[in-house]
*Asks:* 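Could you have a look at this structure, given as structure tokens, before my questions?
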Amino acid sequence: MTDQSWRAPILHVDMDAFYASVATRDRPELADVPVIVGGGSRGVVLSANYLARKSGVRSALPMTRARRLCPHAVVIPPDFETFGQVSASVMECFRRVTPIVEALSLDEAFLDVRGATRRLGSPAEIAEQVRTTIHDEQGITCSVGVAATVSVAKLASRRAKPDGVVVVPPAQVTAFLHPLDVGELWGVGEKTRDMLHRLGLVTVGDVAHTPVQTLQRVVGHQLGGHLHDLAWGTDRRALTPRAGPHEPDRSMGADETFARDTDDPEVIRRELLRLSSRVATRMRTAGVAGRTVTLKVRFADFTTLTRSRTLPEATDVTVEIHHTATSLFDALGLQRARLRLVGVRVEGLVPRETVHRQLVLGERDHGWADADRAVDRATRRFGNAAVRPASLLRPA
DNA sequence: TCTGGGGTCCTAGGACCC
DNA sequence: TCTGGGGTCCTAGGACCC
């Protein structure tokens, strides 16, 4: 297989057990111990090293179950600041290989290396160079999938784990894809997998040989067409590098699970204020404003609902977001139902300078926006705890 | 003490406008 | 008098990803 057969070789680079690897890389005493990175009592597993995985611990598993499966595991709380720093260094390393890098998350990225083969060698050789560099510079391992499309490269990197490389040349794509379970496909989760299985579509090959119209009737127009492409390895999604002038987020939100379920309206209202303030601060830092405020409520039995309201004008003002969220909450008319979580999200974000507020006579928004900016300045100088609404102050 | 927190995209129905 | 379709916005929910 020569390099010329690759129209545009794509690398998918995925760190192995990223959070756990970073958390233990400077702690040799944890090298031979099962390690779980995860949150508090009501949290889930964010990452587990391969020793812990031997006991059945997986990402997203409730911590309570993880501890039961692996009682001797060392549990480390996540340190996202460090994860972010390591991630930035890793992405920088990728950009030394090619400018066409699409970061999918902190710990994985696609690299289009079509412009790098003359300089650095075959895609497989580039993959090994990347792995060596990451290991030498960051002290962690990664796995790389190489293919002509992003979706196949992504599946290949999973097959390469841990600490390996898998190359799927164009001529071998269907031989690689078709034996896989449909649930392996990127975008097919538990529900869709079950639905396809019930119809007798178990492998990717089964899906490939099903008429598109049939798939679309079962899983919807969009996904049906997409599945067919994935099953033949023909999706041609191009990389969208985030390096340059990247498009703003479409929404920003914050939600939090209470340490204990609560039915206290005052506790809930205060939490909505905290979350609104957090979201609005991030929006102002990013220089965006949004029109649609969405409230999320999760009950003790885990059922979840959302309510949203679209405002006449986009806002980044804490008080407006909080007011909208509480008004949506009040409209639910909950009679002291026990809540597990509340959340606030603002959607339809646009750059703030494109928002021209219509000043209504007597409106006091101006004052609130000014107050927010004063809070932002104080927070930047004195830290997060410096300024907060009176209702969020703890009684001494 | 089962089930986090950050997102994206799609679907479907109703309102409303032309 | 009766019949109509398309486009866009809004809302709610759901599936999925890391």
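Since this is a predicted model, take the numbers as computed values, not measurements. So you know, we letter chains A, B, ... as the sequences are listed, proteins then strands, and number each from 1.
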*Asks:* Just label dT1(B) as syn or anti from its O4'-C1'-N9-C4 or O4'-C1'-N1-C2 angle, using within 90° of 0 for syn.
*Replies:*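 Syn.
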*Asks:* Specify the separation, in whole Å, of atom CZ of R260(A) and atom C1' of dG4(B).
*Replies:*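 Atom-to-atom, R260(A) to dG4(B), this comes out as 20 Å.
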*Asks:* Return the nearest nucleotide to the side chain of R250(A); candidates are dG6(B), dC18(C), dT8(B).
*Replies:*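 Closest of the options to the side chain of R250(A): dT8(B).
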*Asks:* Measuring only between side-chain heavy atoms, which start at C-beta, is L180(A) closer than 4.5 Å to L155(A)?
*Replies:*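 Result yes, sub-4.5 Å side-chain heavy-atom pair found.
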*Asks:* What nucleic acid atoms does A66(A) come within less than 4.0 Å of, heavy atoms only: base, sugar-phosphate, or nothing?
*Replies:*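 Here A66(A) touches no strand at all.
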*Asks:* What nucleotide, of dG4(B), dT1(B), dA12(C), holds the atom closest to the side chain of R340(A)?
*Replies:*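 Ranking dG4(B), dT1(B), dA12(C) by closest atom to the R340(A) side chain puts dG4(B) first.
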*Asks:* For W232(A) together with H178(A), are the ring centres under 6.0 Å from each other?
*Replies:*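 Yes: the rings meet the under 6.0 Å criterion.
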*Asks:* Could you tell me the separation between the CG atom of L104(A) and the P atom of dC16(C), rounded to a whole number of Å?
*Replies:*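 So the CG-P distance, L104(A) to dC16(C), works out to 18 Å.
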*Asks:* Under 6.0 Å from the ring centre and within 45 degrees of the ring axis: does the NZ or CZ of R298(A) meet both conditions for the six-membered ring of F302(A)?
*Replies:*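 Satisfied, under 6.0 Å and within 45°.
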*Asks:* Between dG5(B), dT8(B), dA15(C), which nucleotide gets closest to the side-chain atoms of D255(A)?
*Replies:*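 Among the listed nucleotides, the one closest to the side chain of D255(A) is dG5(B).
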*Asks:* How many whole angstroms separate atom CG of D301(A) from atom P of dC2(B)?
*Replies:*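 Whole-Å distance recorded here is 14 Å.
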*Asks:* By nearest atom, which of the nucleotides dG6(B), dG4(B), dT8(B) is closest to the D249(A) side chain?
*Replies:*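 For D249(A), the side-chain atoms sit closest to dT8(B).
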*Asks:* Of all the nucleotides listed (dC16(C), dG6(B), dT3(B)), which has the minimum atom distance to the side chain of A254(A)?
*Replies:*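 Selected nucleotide: dG6(B).
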*Asks:* Would you kindly give the CZ-to-P distance between R58(A) and dC18(C), to the nearest whole Å?
*Replies:*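 In whole Å, dC18(C) P lies 15 Å from R58(A) CZ.
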*Asks:* In whole Å, measure the gap between the C1' atoms of dG4(C) and dC16(B) for me.
*Replies:*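 To the nearest whole Å, 15 Å.
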*Asks:* So which one's nearest nucleotide on DNA chain B is more toward 5', H221(A) or G43(A)?
*Replies:*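 Looking at the nearest nucleotide for each, G43(A) comes out on the 5' side.
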*Asks:* Separation of L328(A) atom CG from dA12(C) atom C1', in whole Å?
*Replies:*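 Distance, rounded to whole Å: 12 Å.
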*Asks:* Under 4.0 Å: is that the gap between some side-chain N or O of S41(A) and OP1 or OP2 of dT1(B)?
*Replies:*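 Checking dT1(B) against S41(A), no side-chain N or O comes under 4.0 Å of OP1 or OP2.
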*Asks:* From dG6(B), dC2(B), dT8(B), pick the nucleotide closest to the side chain of S251(A)?
*Replies:*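 The closest nucleotide is dT8(B).
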*Asks:* Given that both distances must come in under 3.5 Å, which nucleotide forms a Watson-Crick or G-U wobble pair with dC16(B)?
*Replies:*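 When the pairing criteria are applied, dG7(C) turns out to be the nucleotide that pairs with dC16(B).
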*Asks:* At 4.0 Å (heavy atoms only), tell me whether M63(A) reaches a base, stays on the sugar-phosphate, or touches nothing.
*Replies:*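 No contact.
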*Asks:* Identify whether a stacking contact exists between W186(A) and dC17(C), where the ring centres must be under 5.5 Å apart and the planes under 30° apart.
*Replies:*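 No, the aromatic ring of W186(A) does not stack with the base.
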*Asks:* Answer yes when R291(A) and E347(A) have at least one side-chain N-carboxylate O distance shorter than 4.0 Å, and no when they do not.
*Replies:*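 No, this pair does not count.
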*Asks:* dA12(C) C1' sits how many Å from R309(A) CZ, rounded?
*Replies:*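 Atom CZ in R309(A) sits about 15 Å away from atom C1' in dA12(C).
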*Asks:* For a quick check, tell me whether the side chain of T64(A) and the base of dT1(B) share a donor-acceptor pair closer than 3.5 Å.
*Replies:*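 Answer is no: no donor-acceptor pair is held.
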*Asks:* Would you mind telling me which residue lines up with the more 5' stretch of DNA chain B, R345(A) or L46(A), judged by nearest nucleotide?
*Replies:*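 Nearest nucleotide further toward 5': that of L46(A).
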*Asks:* Describe the nucleic acid contact of G253(A) in one word from base, sugar-phosphate, nothing, applying a heavy-atom distance below 4.0 Å.
*Replies:*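 Sugar-phosphate, backbone atoms only, no base.
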*Asks:* With a non-hydrogen cut-off below 4.0 angstrom, is L311(A) in contact with a base, only sugar-phosphate, or nothing?
*Replies:*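 Since no nucleic acid heavy atom lies under 4.0 Å of L311(A), the category is nothing.
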*Asks:* Can you tell if the side chain of Y19(A) reaches within under 4.5 Å of the side chain of L106(A), non-hydrogen atoms only?
*Replies:*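 The answer is yes; the side chains approach within 4.5 Å.
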*Asks:* Phosphate oxygens OP1/OP2 of dA12(C): is one of them under 4.0 Å from a side-chain N or O of R307(A)?
*Replies:*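 Yes, because at least one side-chain N or O of R307(A) sits under 4.0 Å from OP1 or OP2 of dA12(C).
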*Asks:* Just checking R291(A): base, sugar-phosphate only, or nothing, at a heavy-atom cut-off of under 4.0 Å?
*Replies:*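 Result for R291(A) = sugar-phosphate.
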*Asks:* Taking the side chain of E108(A) as heavy atoms from C-beta outward, which of dT11(C), dC18(C), dG5(B) is closest to it?
*Replies:*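 The closest nucleotide is dC18(C).
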*Asks:* Just wondering, do V297(A) and L339(A) contact through their side chains at under 4.5 Å, heavy atoms?
*Replies:*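 The answer is yes, as the side chains (C-beta and beyond) meet within the 4.5 Å cut-off.
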*Asks:* Would you indicate what K154(A) reaches in the nucleic acid, counting non-hydrogen atoms under 4.0 angstrom: base, sugar-phosphate, or nothing?
*Replies:*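 If one applies the 4.0 Å heavy-atom cut-off, K154(A) turns out to touch the sugar-phosphate alone, with no base involved.
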*Asks:* Could you check how far CZ of R67(A) sits from P of dT1(B), rounded to whole Å?
*Replies:*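 In whole Å, dT1(B) P and R67(A) CZ are 11 Å from each other.
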*Asks:* To the side chain of T310(A), which of dT3(B), dT11(C), dT11(B) is closest?
*Replies:*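 Comparing dT3(B), dT11(C), dT11(B) against the side chain of T310(A), the answer is dT11(C).
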*Asks:* Nearest-Å distance, CZ (R298(A)) to P (dG4(B))?
*Replies:*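 In whole Å, dG4(B) P and R298(A) CZ are 6 Å from each other.
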*Asks:* Salt-bridge test for D235(A) and R237(A): reply yes if a basic N is under 4.0 Å from a carboxylate O, no otherwise.
*Replies:*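 R237(A) and D235(A): not salt-bridged.
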*Asks:* Please tell me which of the listed nucleotides, dA12(C), dC18(C), dA15(C), lies nearest to the side chain of D107(A)?
*Replies:*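 Of all the options, the side chain of D107(A) is nearest to dC18(C).
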*Asks:* Does T257(A) place a side-chain N or O at less than 4.0 Å from the phosphate oxygens OP1/OP2 of dT3(B)?
*Replies:*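 Negative; the distance criterion is not met.
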*Asks:* Using a 4.0 Å heavy-atom cut-off, does T294(A) contact any base of the nucleic acid, only the sugar-phosphate backbone, or nothing at all?
*Replies:*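 It contacts nothing in the nucleic acid.
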